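See below for the structure under consideration.
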Amino acid sequence: MTLTPLVYWAQRHEEIYLRVELTDAQNIDVLVHENVLKFQALGRGAKGQHNYEFSLEFLLPVKTEVSHKSTQRQVNITVRKQQRGWWERLTVLERKPVFLVPDFDRWLDESDAEMEIQEKFLGFSWIFVNMTVRLFIFGQDSLYDTFHTISDVMFFCQTLASVEVLNAAFGVVRTGVIPTLIQVVGRNFVLFIIFGSLEEMHHRPVVFFVFYLWSAIEIFRYPFYILGCFNTEWKTLTWLRYSVWIPLYPLGVLAEAVAVVQSIPIFDQTKLYSIPLPKAIGTSINFSYVLHVYLVLMFLGLFINFRHLYKQRKRRFRTKKRKAQ
């Protein structure tokens, strides 16, 4: 009689994790062939010290390279998917050949990412709706007090957005690391250094346009990610997510550039963040020099991100056309 061990499983967009409950496992043999994983080992399981084995036919294609690591209490197996994506179940058969248990600890990172995305969506939605309502009620007057009414929520959203770089690096969110880093660093520089450090900038209309354009982009992007976490798609939202950035992203960068240009005389006057030099030289390096360099880097980043987003859009809708055919 074949003995099967207790197996926990979990997944991320690129990998599948199996945890086999065998103590002091020996003679471990793990093989993936024709999309079927076969496992054999000698160890102590639910039926005592015996040979245990099982096989799994995966729902979708996986790579033949498989890695495993044995500890005193268990055997950890990692299998890589052929294509990124979220599987609705692990195996082809509804009736599993082995007793599989979802490993919720493995999904903790995914759940945290979903919660983080939802919080940012709520934050940016509140910003967009609040600014829109205030614009209709107060007209042009609302342009001059945007920082005092919106900045706290924007600080929260952009601080939380910093985690996006880690999410991209670890594959939690399907996007590039460099474009995400450019956007997050660029926005936080404008928000914390330009707006946050200079009271003279708080009442300027450029704050309104920067915040409004940022939130207008995010209210389409984050719902798309939320639906993706549940393996669901709404075609209209997908089109908006891959299209609204075409006018909004360059306008957002242009508004950020205007804010930087307007802040340069203020930094020159206040000497804020200036670097003092020795008395023999008798001067200091103004922070405005850094801002001039940053303006050049800003438009270089615009080119990199615009090309990245265009490739994403082209790849997305090209794939959709192929599926339709």
Side-chain angles (χ1 to χ4, degrees), residues 116-162 164 175 179-180 182-226 236-264 266 291 294-295 298-299 301-303 305-306 308-310 313:
E116 169 209 331
I117 291 171
Q118 292 170 13
E119 289 174 351
K120 286 183 288 188
F121 169 62
L122 293 175
F124 280 113
S125 297
W126 182 89
I127 291 172
F128 183 82
V129 172
N130 188 292
M131 294 179 68
T132 302
V133 172
R134 289 179 59 83
L135 181 63
F136 276 103
I137 295 176
F138 301 107
Q140 292 185 359
D141 292 340
S142 67
L143 304 182
Y144 300 96
D145 64 348
T146 300
F147 186 85
H148 293 291
T149 57
I150 303 296
S151 61
D152 288 341
V153 180
M154 184 60 78
F155 279 125
F156 170 78
C157 290
Q158 282 305 125
T159 301
L160 202 60
S162 301
E164 285 190 26
T175 188
T180 303
I182 291 173
Q183 177 173 301
V184 170
V185 172
R187 285 189 179 185
N188 285 349
F189 183 88
V190 172
L191 179 62
F192 290 94
I193 303 299
I194 304 300
F195 294 154
S197 301
L198 301 176
E199 292 187 8
E200 294 85 347
M201 295 293 297
H202 291 180
H203 298 285
R204 304 217 174 180
V206 69
V207 179
F208 174 90
F209 292 105
V210 170
F211 285 7
Y212 201 74
L213 289 167
W214 284 358
S215 60
I217 293 175
E218 305 304 353
I219 61 174
F220 298 110
R221 190 165 69 99
Y222 286 123
F224 173 80
Y225 286 151
I226 292 172
T236 302
L237 180 62
T238 300
W239 185 88
L240 289 171
R241 182 263 181 270
Y242 286 99
S243 301
V244 295
W245 62 266
I246 297 175
L248 294 182
Y249 185 66
L251 288 175
V253 174
L254 180 60
E256 294 174 27
V258 171
V260 173
V261 171
Q262 290 183 357
S263 71
I264 289 176
I266 303 175
L291 296 180
Y294 178 76
L295 283 172
M298 178 184 293
F299 287 99
L302 170 63
F303 170 76
N305 274 12
F306 200 94
H308 168 73
L309 292 170
Y310 175 76
R313 187 180 192 277

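Since the model is a prediction, treat every value here as computed from it, not as a measurement. What you see below is based on every heavy atom in this structure, not just the backbone, and it leaves out hydrogens, waters and symmetry mates.
Listed for the S151 side chain is no donor-acceptor partner under 3.5 Å among the backbone atoms of H148.
In plain terms, the two heavy atoms of A255 and V206 that are nearest each other are O-CG2, 3.4 Å. Between S125 and F121, the closest heavy-atom pair is OG-O, 2.7 Å. Considering every non-hydrogen atom in both A161 and V184, the closest pair reads O-CG2, 3.6 Å. Residues F220 and V244 share a closest heavy-atom pair of CD1-CG2, 3.8 Å. Nearest heavy-atom pair, V207 versus M201, reported as atom, atom and distance to 0.1 Å: CG2-O, 3.3 Å. Looking at every heavy atom in both residues, P250 comes nearest to L302 through CA-CD1, 4.2 Å.
At least one side-chain heavy atom of F192 sits under 4.5 Å from a side-chain heavy atom of T159. T132 places a side-chain heavy atom less than 4.5 Å from the side chain of F136. In this structure the side chain of L291 reaches within 4.5 angstrom of the side chain of I194, judged on heavy atoms.
Annotation: side chain to side chain donor-acceptor pair (under 3.5 Å) contacts involving residues 191-200, sequence neighbours excluded, comprise S197-Y273. The salt bridge (charged side-chain N to carboxylate O under 4.0 Å, His left out) pairs that include a residue from residues 145-156 are R134-D145, where partners are two or more places apart or lie in different chains.
Under the 30°/60° scheme for interplanar angles, the aromatic rings of W245 and F306 are found to stand perpendicular. Ring geometry for Y212 against F128 counts as parallel: the plane angle stays under 30°, on a 0 to 90° scale with 60° as the upper cut. The aromatic rings of Y222 and F124 lie parallel to each other, their planes meeting at an angle below 30°, with 60° marking the opposite boundary.
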Is there a side chain to side chain contact (heavy atoms under 4.5 Å, CB included) between F189 and E256 once you walk through the steps?
CA-CA 10 Å; F189 183 88; E256 294 174 27; over 6 Å; no

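Judged as a side chain to side chain donor-acceptor pair (under 3.5 Å), and not counting sequence neighbours, the contacts of N188 are Q158, S162.
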